[in-house]
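Structure first, then comments.
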Amino acid sequence: GAVVSQHPSWVICKSGTSVKIECRSLDFQATTMFWYRQFPKQSLMLMATSNEGSKATYEQGVEKDKFLINHASLTLSTLTVTSAHPEDSSFYICSARWEPNEQFFGPGTRLTVL
Amino acid sequence: GESVGLHLPTLSVQEGDNSIINCAYSNSASDYFIWYKQESGKGPQFIIDIRSNMDKRQGQRVTVLLNKTVKHLSLQIAATQPGDSAVYFCAEGGGATNKLIFGTGTLLAVQP
C-alpha cells in the first residue's frame with residue numbers, strides 16, 4: 001500500500017525558533033498533500049492544502065505567514081512553524097492524496113515548544 | 001456550519017462482543033465517507049469507506065452503514081479484539097476540493 005512518512009517524528013524547540021516538518025510520499029507521486037493539527041483528545045483539524053508547484057490553500061483562521069508550506073516536488077511537502085510558541089505545541093499530521101477521494105496519512109510529528 | 005459529530009465519545013466493550021460506533025454528519029452534499037482508526041501517537045489508519053450511493057459496505061470484521069435520510073453513519077466491528085482499542089474517527093468528503101472533515105472521535109476500549 002501507499003506509504004507516507006514524516007520527519008522528524010518528534011521535536012522539542014525553544015520559543016521563538018522555527019521548526020520544519022517534512023512529509024514524503026514514498027511510493028507514489030502526490031500533487032496534493034494536506035496538513036492537519038491535532039491537540040490532545042481532539043480531532044484532526046485541517047490546516048492547509050498543499051499543491052505541488054503552487055501556493056498552499058489555508059483554512060480559515062490558520063496564519064499563512066506562521067505556517068509556511070512548500071510543495072516543491074511530487075513527493076515532498078514541508079511545513080515550517082515560524083517563531084514557534086508554546087501554544088503551537090501539537091501533533092502535526094500530513095496526508096497525501098492517492099485518488100480523488102483517498103488520502104494516506106503520515107505517522108505524525110509531535111512538536112513541543114518550551 | 002458544516003460539521004461531523006459523534007454520539008458516543010467513549011465506548012467500552014468486552015472482548016468478543018460486537019462494537020457499534022456512530023457518527024452524525026450535517027453536509028448533505030458529502031458523497032464520500034471514511035472511517036479511520038488512530039492509535040495513540042500515530043496517524044490515522046484507513047478502515048473502510050462508503051460512497052453516498054450505497055447504504056452498506058462490508059470489510060473484514062467491519063461493516064459501515066450509511067443512512068442518508070437521517071445523515072447517520074455507523075461502524076460495526078465484529079468480535080472486537082484488544083487490538084481494536086483505539087480512537088475511531090469518521091470523516092466526510094467530496095466536492096472539488098476533496099477535503100476531509102473529521103468527526104470528534106470515539107475512544108473504543110476493549111476489556112479482556
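Every heavy atom of this structure was used, including side-chain atoms; hydrogens, water molecules and symmetry mates were not. Computed from a predicted structure; not experimentally measured. Below, chain A is the first sequence line, B the second, and so on; all start at residue 1.
Proximity to chain A is limited to the side chain of B/Gln38, based on heavy atoms less than 4.5 angstrom apart. For A/Gln6, no part sits under 4.5 Å from any heavy atom of chain B, backbone or side chain.
Linking Ile, Leu, Val, Met, Phe, Trp and Tyr whenever their side-chain heavy atoms come within less than 4.5 Å leaves B/Ile101 and A/Met47 in two separate clusters. There is a path of hydrophobic side-chain contacts, each under 4.5 Å, that joins B/Phe33 to B/Val62. Residues A/Phe67 and A/Phe34 are members of separate hydrophobic clusters, defined by side-chain heavy-atom contacts under 4.5 angstrom among Ile, Leu, Val, Met, Phe, Trp and Tyr. Hydrophobic clustering of Ile, Leu, Val, Met, Phe, Trp and Tyr side chains at less than 4.5 Å, counting indirect connections, keeps A/Ile12 apart from A/Leu111. Linking ILVMFWY side-chain heavy atoms closer than 4.5 Å, directly or via other members, places A/Tyr58 and A/Ile21 in a single hydrophobic cluster.
With values rounded to the nearest 0.5 angstrom, B/Leu100 atom CG is found 4.5 Å from A/Tyr36 atom OH. Between the CZ atom of A/Phe91 and the NZ atom of B/Lys42 there is a distance of 10.5 Å, given to the nearest 0.5 Å. Note that NZ of A/Lys41 is 13.5 Å distant from OG1 of B/Thr104, once rounded to the nearest 0.5 Å.
Residues A/Phe105 and B/Phe46 fail the side-chain proximity criterion, which asks for heavy atoms closer than 4.5 Å. A/Leu46 has its side chain out of reach of B/Phe102: every pair of non-hydrogen atoms, C-beta onward, lies at least 4.5 Å apart.
Around NZ of A/Lys55, the count of heavy atoms belonging to other residues, nucleotides or ligands within 6.0 Å does not exceed 12. More than 12 heavy-atom neighbours from other residues, nucleotides or ligands sit within 6.0 angstrom of NZ on B/Lys68. Atom CD of A/Glu87 sits in a crowded spot, with more than 12 heavy atoms from other residues, nucleotides or ligands closer than 6.0 Å.
Per-residue heavy-atom pair counts under 4.5 Å with chain B were compared for A/Ile93, A/Leu44, A/Val4, and the maximum is reached by A/Leu44. Of the listed residues (A/Gln103, A/Arg110, A/Glu102), the one with the most heavy-atom contacts under 4.5 Å to chain B is A/Gln103.
Nearest approach of A/Gln42 to B/Phe89, heavy atoms of both residues: O-CZ, 4.0 Å.
At distances below 3.5 Å, not a single donor-acceptor pair connects side-chain atoms of A/Ser43 with backbone N or O atoms of B/Gly105.
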